[in-house]
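Quick notes on the structure that follows.
If you read the sequence from its start, that first residue is 1, and numbering goes on from there.
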Amino acid sequence: MNLTVIKLFVLLTFNCLCLYAQESSINESFFVFINEFSNNEDFQLSRIIFPLECVSWNFEEDTTVTSYVKKTEWAYNRLFGENHEGFTVFYDNFECEFQDTDQRVLQWRGFTDMDVRFYFKRTEGKWFLIKYLNYDDTF
């Protein structure tokens with residue numbers, strides 16, 4: 001009886017470890033995610049952590065303003081121009097691969113003062129927008 005219990009315990013432990021390894025290795029591709037996020041309004045709403053922290057710049061008072069946007073207040077944002085054919089990516093290596101981290105920042109940076117950022121975090125294998133920063137009054 002004890003041997004059967006031990007075998008069952010080992011088998012269950014092995015199965016749990018295998019399932020955990022499969023789940024932890026199934027991470028959503030950021031490129032697939034960002035394409036769907038920018039082109040599908042319903043998907044975008046489902047992948048934002050609300051209330052969303054939004055940081056902006058008050059040009060009149062020359063100060064940072066932080067607000068929190070509710071789901072009902074969010075305006076769909078296509079992220080990439082009207083043609084949606086692609087976007088510029090810079091890599092820090094010749095293999096054109098990102099380091100496997102759970103964080104990404106998409107930044108629109110101009111040659112003047114434009115600075116717009118979208119902060120994404122991967123949670124349980126899925127990407128979510130967790131913060132929005134807009135220091136540009138035209139974006």
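Here CH2 of Trp127 is found 8.0 Å from CD of Gln103. Values are rounded to the nearest 0.5 Å. Atom NZ in Lys131 sits 15.5 Å away from atom CD1 in Ile48 (nearest 0.5 Å). The CZ atom of Arg104 lies 13.5 Å from the NZ atom of Lys121; values are rounded to the nearest 0.5 Å. In this structure, Phe30 CZ and Glu28 CD are separated by 9.5 Å, a value rounded to the nearest 0.5 Å. Between the CD atom of Glu41 and the CZ atom of Arg78 there is a distance of 10.0 Å, given to the nearest 0.5 Å. If you take CZ on Phe50 and CZ on Phe128, they are separated by 11.5 Å, rounding to the nearest 0.5 Å.
The two residues Tyr68 and Pro51 come nearest to each other via the heavy atoms CB-CB, 3.9 Å. Scanning all heavy atoms of the two residues, the minimum distance from Glu53 to Val55 falls at OE2-CG2, 3.9 Å. What you find for Gly125 and Asn27 is that their closest heavy atoms are CA-OD1, 3.3 Å. Leu45 and Trp74 get closest at one heavy-atom pair: CD2-CD1, 3.9 Å. Here the shortest heavy-atom pairing between Leu133 and Tyr119 reads CB-CE1, 4.1 Å.
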Practice problem: Using the side-chain contact (heavy atoms from CB on, under 4.5 Å) rule, take Phe118 and Ile34 through it: C-alpha gap first, then chi angles, then the decisive distance, then the call. | Solution: CA-CA 11 Å; Phe118 297 85; Ile34 202 67; over 6 Å; no

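In summary, of the residues considered (Phe33, Tyr132, Phe98, Phe31), a ring pair (Phe, Tyr, Trp, His ring centres under 6.0 Å) with Phe120 occurs for Phe33 alone.
Partners of Arg122 under the salt bridge (charged side-chain N to carboxylate O under 4.0 Å, His left out) rule, at least two apart in sequence or in another chain, are Asp100, Asp102.
Looking only at side-chain heavy atoms (C-beta outward), Gln107 and Asp115 come within less than 4.5 Å of each other.
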